[in-house]
Amino acid sequence: MLDQTGARRADVLVKGDVVSEVALPGELGRPAGALVLDAEGCVVAPGLVDLHCHLREPGGEEAETIETGSRAAALGGYTAVVAMPNTEPAASSAAVVRHVLQLSRGALCEVHPAGTITDGRLGRSLANLAEMAAEGVRIFTDDGNAVADPALMRRAMEYSRSLGAVIADHCEDPALTGDGCMNEGAVSSLLGLPGRPGVAEEVMVLRDLALARATGARLHLLHVSTAGAVAAVRAAKAVGVAVTAEATPHHLALEEDCVAGYDTSYKVNPPLRSHDDRSALLEALAQGVVDAIATDHAPHPPEAKQVSFCEAAPGMLGLETAFGVASTCLGLPIDRVLALMSWQPAAIAGLTGTQGGPVVPGAAANLCVLDPARRWTVVPSALASRSRNTPFAGRQLVGRARHTVLAGEPVVVAEEAQR
Ligand SMILES: [Zn+2]
């Protein structure tokens, strides 16, 4: 078993929706009728928490529903996800937030809706953050776009403080990205594709950090991907700015040359970056400058991807493959991977009451059982998502969730479990 207090060999007994006992192997009694989940060779841990996924409901049900997305999450070892608000309509009001919460009843993981910063996610005026906060929204973001207007962002940050909320930004300056569709650099020149320069991200990160410093707001930077961005985060943390940052499995594992075959499954915003950017990101992850691995799970139906590279919708699946990619590609010990995928994101999202906490008697039974040695191949048609746009198709990964327990209910159980 592994949690933020360390690793130990133990059996865990769950009763109702809580952990009731944790004991040395063999010392637990086995209540009659108890379901036994075999964790031999595995790590029992608090469930994974994703700060950033697109479940597409309402409005994008041809790509994903909360049901299919939450199943993908549970299969990936997640017990909680933060659902991005760029739905149709956008989660810009208490009414839409309540609708998402209603749709999430019966989901296979906790779904925590984020709300938009600007009304309708249009970037013109502030949304009613207070009424969404009253529904439990803790993270506000216009993800998909940055909040381009700095005065609006400043007001959002000032306002967020009184709500105890986190302002999260998709940092790419739209004036600099233009109609770019991949990282700007040697590869984009070679391919003849318009580029999105890394500096578009760095400029917006620097602006947001300055505003966070000036307002004292809690800032979370979504999917940082450039050397410049992580250098800025490192410097801001050193002077005490209240900032956290996430990186995605795809930015940590893949680089811009993947785009060379014009395969639209590699199209994403911010784009896959250069080797130097990825190296800086990995270093920042190892140093704790990056606080979380978040999937940016972004399902799209085939027709949105089966077009030219520039016309294709940006985004990739991530929930079912994230742990496998992290454990295969990052060279980090599993306790670090879990910190980045469970308790640190739980703290950022304000979910520590039920998610990411130590596995002790009385704790909410939101758990995953991860098999770090399990080899598997990513087969798009076998994924639970309604969409198929994974950049890891055909990849062999080492590490996979075996069981997932949500509020005491085994929502994912490997075949070998027995009564
Ligand atoms: Zn984004």
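Side chains included, hydrogens not; waters and symmetry mates left out as well; all remaining heavy atoms used. First listed ligand is number 1; within each ligand, the first listed atom is number 1.
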Between [X] and [Y], do the side chains contain an N or O donor and an N or O acceptor separated by less than 3.5 Å?
{"X": "His52", "Y": "Asp143", "result": "yes"}
{"X": "Glu246", "Y": "His220", "result": "yes"}
{"X": "Asp142", "Y": "Thr118", "result": "yes"}

Which residue pairs pass the ring pair (Phe, Tyr, Trp, His ring centres under 6.0 Å) test with at least one member in residues 274-315, sequence neighbours excluded? none
Going by chain and residue number, what protein N/O/S atoms come nearer than 2.8 Å to the Zn ion (ligand 1)? Asp143 OD1, His170 ND1, His223 NE2
Below 4.0 angstrom, N of the basic side chain to O of the carboxylate: do Arg213 and Asp208 qualify? no
Salt bridge (charged side-chain N to carboxylate O under 4.0 Å, His left out) partner of Glu201, the single match among Arg273, Arg207, Arg196: Arg273
